[in-house]
*Asks:* 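Got a structure for you, written out below as structure tokens; questions coming shortly.
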Amino acid sequence: MIKTQREENKTATGERILCRVTADRPGPTVVFFGGIHGNEPAGVAALTEVYETLQRQGNVLENGALIGIRGNLPALVQKERFLDHDLNRIWSRSRLDSVLAKQDPERSSEEKELVLIYELIQELLKSHPPPFYFIDLHTTSSRTRPFITINDSIINRYFSRIFPVPVILGIEEYLEGPLLSYINELGYVALGFESGTHDDPVAITNAVDFIWLTLVYTGLLPDYPGREDSFKRLDRASESDHDFYEVFYRHELPASHSFRMNEGFWSFQPLPKGTVLGSEAGAPVAMQKKGILFMPLYQKQGEEGFFLIRKTPAWALKLSAKLRKWKTHELLTRMPGVRWADSGEDKLLVNLSVARFLNRPIFHLLGYRSRQRDKTHLLISNREHKAKNDDYKNTFWFSED
């Protein structure tokens, strides 16, 4: 299968598999993706730099395997976010099944990339031992601190908090079909690392530092001489912000839009209600609530004009971990207006006209993500149901609050 993928994907950016380094002793399998968006080459450059350093050192890993994967090869050549569809928005189960059922000539450019990456992931899961770590490297169109995005499972949260950067929770509720949500549903640690602005060389430096720290924290390397410097650089780049944040608003854009963000805004910028951020069809777009601006859009392609986030208090994180450990969520079905959904034992259907006292913050505490099914119902799914916690329980970073 890998030979076929390589033959089909030789382009100006190189082969799909950027690197595959395996230690003599079994251990964790760490998979990095770079260039899932074709206008974000910093991740590919960072992986290349780390791999070349490992080659000079004789590819010495203590345990396990490191695999680096290029994402959207045709889009990387064109330096575009995507050609037909956003490759990071088509990984929902229904979309994946639909694409796999098609013949190759019927697939769009990104659908072909999806199939090849999907097959590669399946091959890696079969040929390498757990625990698995999947890291998706990205950059943003606006000025930003480096940060991590996760689906809020306990294993993701515990692993993410050891890095000296802020962590963003809950973005998967506002996005349809990101790659990491698909991997999380398989039960593995999966996180996104946004290293900076697209064309800023510092974004490559931040990604390189993050990759080296990941190799140490996962156990692939016992240590490396620049570990302390990498930690300090990321800490400075993040302005020593190690807080957790939660997304509470997404400014959704239609496929064809005229949204324009006003100049001068950046991620992690606190702003009052009423701040005019941009315009759409000549009308001003203002913040309806106060909040912290997150990922304002300064590029042509994109599905979100901006997000708003707020800090998550430490006490809420600890309470959430306790409630999930005690499986408090099982009590939800005893409440009026809440029942198991037909789509699986990890999903609940909530009738909002009956269970009016239930809202997203409560679901988040209990480990659920929610989506509006219709005007009166929420479909909520348990983030912890499929998490392979036992694969990670012997790691140094996994500890129960």
Side-chain angles (χ1 to χ4, degrees), residues 35-42 72 75-76 78-90 92 108-110 138-149 166 168-178 181 192 194-200 202-203 237-239 241 243 245-311 360 370-372 375:
I36 290 292
H37 289 140
N39 64 331
E40 302 176 21
N72 194 337
L76 281 166
Q78 298 296 324
K79 299 181 181 180
E80 296 284 350
R81 180 180 172 91
F82 58 85
L83 302 186
D84 297 317
H85 314 286
D86 191 327
L87 182 56
N88 207 30
R89 299 293 187 272
I90 57 175
S92 65
S108 69
S109 178
E110 273 73 29
H138 285 271
T139 52
T140 72
S141 63
S142 62
R143 180 160 64 93
T144 185
R145 304 166 188 170
F147 61 89
I148 289 170
T149 60
I168 312 300
L169 308 173
I171 196 169
E172 82 277 7
E173 286 192 329
Y174 298 89
L175 304 179
E176 183 66 33
S181 288
E194 302 269 358
S195 60
T197 311
H198 294 331
D199 299 323
D200 189 348
V202 174
S238 70
E239 301 176 13
D241 182 358
D243 289 324
Y245 296 81
E246 183 172 19
V247 176
F248 71 90
Y249 176 78
R250 172 200 184 210
H251 188 73
E252 183 177 0
L253 300 176
S256 177
H257 67 85
S258 60
F259 176 79
R260 292 294 179 269
M261 194 80 193
N262 291 342
E263 294 297 325
F265 291 106
W266 62 89
S267 282
F268 297 96
Q269 182 181 10
L271 294 170
K273 177 182 177 180
T275 302
V276 177
L277 298 176
S279 63
E280 173 69 46
V285 175
M287 289 177 53
Q288 301 303 306
K289 299 179 180 180
K290 72 174 183 179
I292 301 171
L293 187 62
F294 183 60
M295 292 203 295
L297 183 70
Y298 288 108
Q299 61 188 25
K300 293 180 180 179
Q301 292 178 310
E303 295 76 33
E304 301 85 28
F306 58 90
F307 296 87
L308 296 179
I309 59 176
R310 58 190 166 214
K311 287 187 180 181
R360 279 184 169 175
S370 61
R371 285 194 179 276
Q372 196 82 27
K375 292 182 179 180

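Counting begins at 1 with the first residue of the sequence. This is a predicted model, so every value here is computed, not measured.
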*Asks:* How many angstroms lie between CZ in Phe268 and CD1 in Ile168, if you round to the nearest 0.5 Å?
*Replies:*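 Phe268 CZ to Ile168 CD1: 4.0 Å, rounded to 0.5 Å.
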*Asks:* Any idea which heavy atoms bring Ala286 and Gln288 closest together, and the distance?
*Replies:*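 Answer, listing the atom of Ala286 first, then Gln288: O-NE2, 3.2 Å.
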*Asks:* Looking only at non-hydrogen atoms, find the nearest pair between Ser267 and Thr144 and report the distance.
*Replies:*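 For Ser267 and Thr144, the tightest heavy-atom pair comes out as CB-OG1, 3.3 Å.
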*Asks:* What residues, two or more places apart in sequence or in another chain, satisfy salt bridge (charged side-chain N to carboxylate O under 4.0 Å, His left out) together with Glu176?
*Replies:*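 Testing Glu176 for salt bridge (charged side-chain N to carboxylate O under 4.0 Å, His left out), a comparison that skips the adjacent residues, returns Arg371.
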*Asks:* Is a side-chain N or O of Thr197 found less than 3.5 angstrom from the main chain of Ser142, in a donor-acceptor match?
*Replies:*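 Answer holds: yes.
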*Asks:* Could I get the full list of side chain to side chain contact (heavy atoms under 4.5 Å, CB included) partners for Pro178, not counting sequence neighbours?
*Replies:*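 Counting only residues at least two positions away or on another chain, Pro178 forms a side chain to side chain contact (heavy atoms under 4.5 Å, CB included) with Asn88, Leu175, Ser181.
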*Asks:* Output a table of donor-acceptor pairs, distance under 3.5 Å, between side-chain atoms of residues 289-311 and any protein atom two or more places apart or on a different chain; print 'none' if there are none.
*Replies:*
| unit_1 | atom_1 | unit_2 | atom_2 | d |
| --- | --- | --- | --- | --- |
| Tyr298 | OH | Asn262 | O | 2.4 |
| Tyr298 | OH | Phe265 | N | 3.2 |
| Gln299 | OE1 | Asn39 | ND2 | 3.1 |
| Gln299 | OE1 | His198 | NE2 | 2.8 |
| Gln299 | NE2 | Gln301 | O | 2.9 |
| Gln301 | OE1 | Arg81 | N | 3.0 |
| Gln301 | OE1 | Phe82 | N | 3.4 |
| Gln301 | NE2 | Phe82 | O | 3.0 |
| Glu304 | OE1 | Arg89 | NH2 | 3.3 |
| Glu304 | OE2 | Arg250 | NE | 3.4 |
| Glu304 | OE2 | Arg250 | NH2 | 2.9 |
| Lys311 | NZ | Asp243 | OD2 | 3.1 |

*Asks:* List in chain and number order the residues that pass side-chain hydrogen bond (donor to acceptor under 3.5 Å, both in side chains) with Glu239, two or more places apart in sequence or in another chain; answer none if no residue qualifies.
*Replies:*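 By the side-chain hydrogen bond (donor to acceptor under 3.5 Å, both in side chains) rule, Glu239 matches Arg145.
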*Asks:* Any side-chain heavy atom of Asp86 sitting closer than 4.5 Å to one from His37?
*Replies:*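 A side-chain contact under 4.5 Å exists here.
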*Asks:* What side-chain donor-acceptor pairs closer than 3.5 Å can you find for residues 273-283, not counting sequence neighbours?
*Replies:*
| unit_1 | atom_1 | unit_2 | atom_2 | d |
| --- | --- | --- | --- | --- |
| Thr275 | OG1 | Pro272 | O | 2.8 |
| Glu280 | OE1 | Phe259 | N | 3.0 |
| Glu280 | OE2 | Ser258 | N | 3.2 |
| Glu280 | OE2 | Ser258 | OG | 3.1 |

*Asks:* With sequence neighbours excluded, tell me which residues meet side chain to side chain contact (heavy atoms under 4.5 Å, CB included) with Glu246.
*Replies:*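 Here the qualifying residues are Thr312, His364.
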*Asks:* Does some side-chain heavy atom of Ile90 sit less than 4.5 Å from a side-chain heavy atom of Glu110?
*Replies:*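 Counting from C-beta outward, Glu110 and Ile90 do come under 4.5 Å.
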*Asks:* So, does Tyr174 use its side chain to make a donor-acceptor pair with the main chain of Phe248 at under 3.5 Å?
*Replies:*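 Yes, because the side chain of Tyr174 sits within donor-acceptor range (under 3.5 Å) of the backbone of Phe248.
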*Asks:* Between atom OG of Ser109 and atom CD of Glu80, what is the distance when rounded to the nearest 0.5 Å?
*Replies:*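 The distance works out to 11.5 Å.
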